[in-house]
Amino acid sequence: MGSRQPKQLLLAFFGEHVVDNATGPIRASALISVLEGADVAAPATRATLDRLVHSGILARTRSGRETLFSLTEHGAAVLREATDRVRGPRPFDPQGSGWTLVTFSIPEGQRTLRHRLRSILTWEGFAPLRDGLWLAPGEVDLAGSLEPLQQDLAPNAVVAFHARELAGFPIAESVRAAWDIEAIRRAHLAFIEVWDDSAAATMAPSALTVRTMLVADWLALLRADPRLPAEFMDAQWPATRSAETYRRMHDRLAEASAAEFAELVAARPTARRGSGPSGQPSAPSPRRSAAARPR
């Protein structure tokens, strides 16, 4: 696998452990400790947390001398949008038949919005085909996917169609032009090589860090694989092995990592009244979690 970026790891951590749980804000020191186990230095984690606050994914609060981070409503919506595929039983199967096509027009001055839109399209399996036309296999729920952007998109900024292949106009060449199928295969094989090894469960000092690394790699693989129909792959296509590998390692890490996370959030320091998002004080800190202790 390629190097894991701090943003990937932080999104994996919040998506896996926080978005569906009423855990309250997470201490910056705990997040730094989790990522240090994945060989990310503290300054890189702090800088990435700042960028996630600036982009509206995270909110920052203070509790005494501690800095705390929590998901915003927008951040939670973004992570929940990925949940069905991340946890689904068949994450590499197309969503329905045919093809979804998208074209969009966003002014040059809205580069951030354009980047967010392209990121969503890539996650949903789209690839640019030609002249601003993006293609994805199946029937993509584009309205649901673009919900976090609706308030920022101008009317008719995005135009989408569902289509099927016409006789005499085979789509195979277009598919090969839009996606590097062998690169997708290599991404699967790299994931399997790392995680289909029992030693992977101990590649970091804590199960919580290893589980975060696993989910980050899984998200990267889901982003790389657009869920092409089976006829474009051969009988040895490794997607099924990747899914089995992920679930096996995820199950192996689940109990220990959940216990470490529970200890981490229980160690939250007493908050000043009104310092959290709800204005309520946090629970007192009996001790630091194993994941947050200095090494």
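Basis for what follows: all heavy atoms, side chains included, without hydrogens, waters or symmetry-related copies.
L146 and V78 fall into different hydrophobic clusters, where Ile, Leu, Val, Met, Phe, Trp and Tyr are joined by side-chain heavy atoms under 4.5 Å apart, directly or via other members. Neither V175 nor V140 shares a network with the other; the hydrophobic side chains, linked directly or stepwise wherever heavy atoms of I, L, V, M, F, W or Y lie under 4.5 Å apart, form separate groups for each. No single ILVMFWY cluster, assembled from side-chain heavy atoms under 4.5 Å apart, contains both L129 and V158. Tracing side-chain contacts under 4.5 Å through hydrophobic residues (I, L, V, M, F, W, Y), one reaches L208 starting from L79; they form part of the same cluster. Neither I32 nor I57 shares a network with the other; the hydrophobic side chains, linked directly or stepwise wherever heavy atoms of I, L, V, M, F, W or Y lie under 4.5 Å apart, form separate groups for each.
In this structure the side chain of L9 never reaches within 4.5 angstrom of the side chain of V34, judged on heavy atoms. Residues T23 and F261 form a side-chain contact, since some pair of their non-hydrogen atoms from C-beta on lies under 4.5 Å apart. Side-chain contact between D20 and R80 is present, with at least one heavy-atom pair separated by less than 4.5 Å. Contact check for L214 versus F191: side-chain heavy atoms found under the 4.5 Å cut-off. At least one side-chain heavy atom of W123 sits under 4.5 Å from a side-chain heavy atom of L219. Looking at R186 and D180, their side chains come closer than 4.5 Å, going by heavy atoms from C-beta outward. Counting only heavy atoms from C-beta outward, the side chains of R114 and Q110 never approach each other to under 4.5 Å. No side-chain heavy atom of L35 sits under 4.5 Å from any side-chain heavy atom of F13.
The two atoms that bring A163 and L101 nearest to each other are CB-CD1, 3.5 Å, heavy atoms only. Between A201 and V210 the shortest heavy-atom distance is O-CG2, 3.7 Å. Closest non-hydrogen pair, S70 versus P25, comes out as CB-CA, 4.0 Å. Pairing each heavy atom of R116 with each of P148, the nearest pair is NH2-O, 3.7 Å. When all heavy atoms of Q8 and A220 are compared, the closest pair comes out as NE2-CB, 3.8 Å. Listed here is the closest heavy atom pair of L113 and L153: CD2-CD2, 4.1 Å.
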From CA spacing to verdict: salt bridge (Lys or Arg N to Asp or Glu O under 4.0 Å), E108, R111: CA-CA 6 Å; E108 181 67 22; R111 292 184 180 180; 2.7 Å; yes
Salt bridge (Lys or Arg N to Asp or Glu O under 4.0 Å) assessment of E244 paired with R241: CA-CA 5 Å; E244 291 171 350; R241 289 173 56 204; over 6 Å; no
Trace of the side chain to side chain donor-acceptor pair (under 3.5 Å) decision for R51 with T48: CA-CA 5 Å; R51 286 193 289 271; T48 305; 3.3 Å; yes
Salt bridge (Lys or Arg N to Asp or Glu O under 4.0 Å) evaluation trace for D39 with R4: CA-CA 9 Å; D39 296 325; R4 301 175 185 92; over 6 Å; no
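For H17 and E260, the side-chain atoms include no donor-acceptor pair closer than 3.5 Å. Side-chain atoms of T67 and R27 form no donor-acceptor pair, as typed in the model, at a separation below 3.5 Å.
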Residues 223-235 side chain polar contacts: donor-acceptor under 3.5 Å, at least two apart:
| residue | atom | partner | partner atom | Å |
| --- | --- | --- | --- | --- |
| R223 | NH2 | S119 | OG | 3.2 |
| D225 | OD1 | R227 | N | 2.8 |
| D225 | OD2 | H188 | NE2 | 2.6 |
| D234 | OD1 | R185 | NH1 | 3.4 |
| D234 | OD1 | Q236 | N | 3.0 |
| D234 | OD1 | W237 | N | 3.1 |
| D234 | OD2 | R185 | NH1 | 3.4 |
| D234 | OD2 | R185 | NH2 | 2.7 |

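Heavy-atom contacts from other residues, nucleotides or ligands closer than 6.0 Å to CG of N156 number 12 or fewer. The 12-atom threshold is not exceeded at CZ of R90, counting heavy atoms of other residues, nucleotides or ligands nearer than 6.0 Å. At most 12 non-hydrogen atoms from other residues, nucleotides or ligands lie less than 6.0 angstrom from CD of E255. Under a cut-off of 6.0 angstrom, the local environment of CD in E139 is crowded, with over 12 non-hydrogen atoms contributed by other residues, nucleotides or ligands.
Distance check: F104 CZ to L133 CG gives 10.5 Å after rounding to the nearest 0.5 Å. Rounding to the nearest 0.5 angstrom, the gap separating the CD atom in E36 from the OG atom in S206 is 11.0 Å. Taking CG from L149 and NE2 from H74, the interatomic distance works out to 7.5 Å, rounded to the nearest 0.5 Å. I106 CD1 to H115 NE2: the interatomic distance, rounded to the nearest 0.5 Å, is 12.0 Å. Within the model, atoms CG of D50 and CZ of F69 stand 6.0 Å from one another, a figure rounded to the nearest 0.5 Å. To the nearest 0.5 Å, atom OH of residue Y246 and atom CG of residue D217 are 10.5 Å apart.
Without hydrogens or angle criteria, T245 side chain to W195 main chain gives no donor-acceptor distance under 3.5 Å. Using modelled atom types, no side-chain atom of R211 and backbone atom of A256 make a donor-acceptor pair closer than 3.5 Å. For H162 (side chain) and S97 (main-chain N/O), a donor-acceptor pair under 3.5 Å exists by modelled atom type. At distances below 3.5 Å, at least one donor-acceptor pair connects side-chain atoms of E165 with backbone N or O atoms of I171. Between the E66 side chain and the S63 main chain, no donor and acceptor come within less than 3.5 Å of each other. Between the side chain of T100 and the backbone N or O of G138, at least one donor-acceptor pair lies under 3.5 Å.
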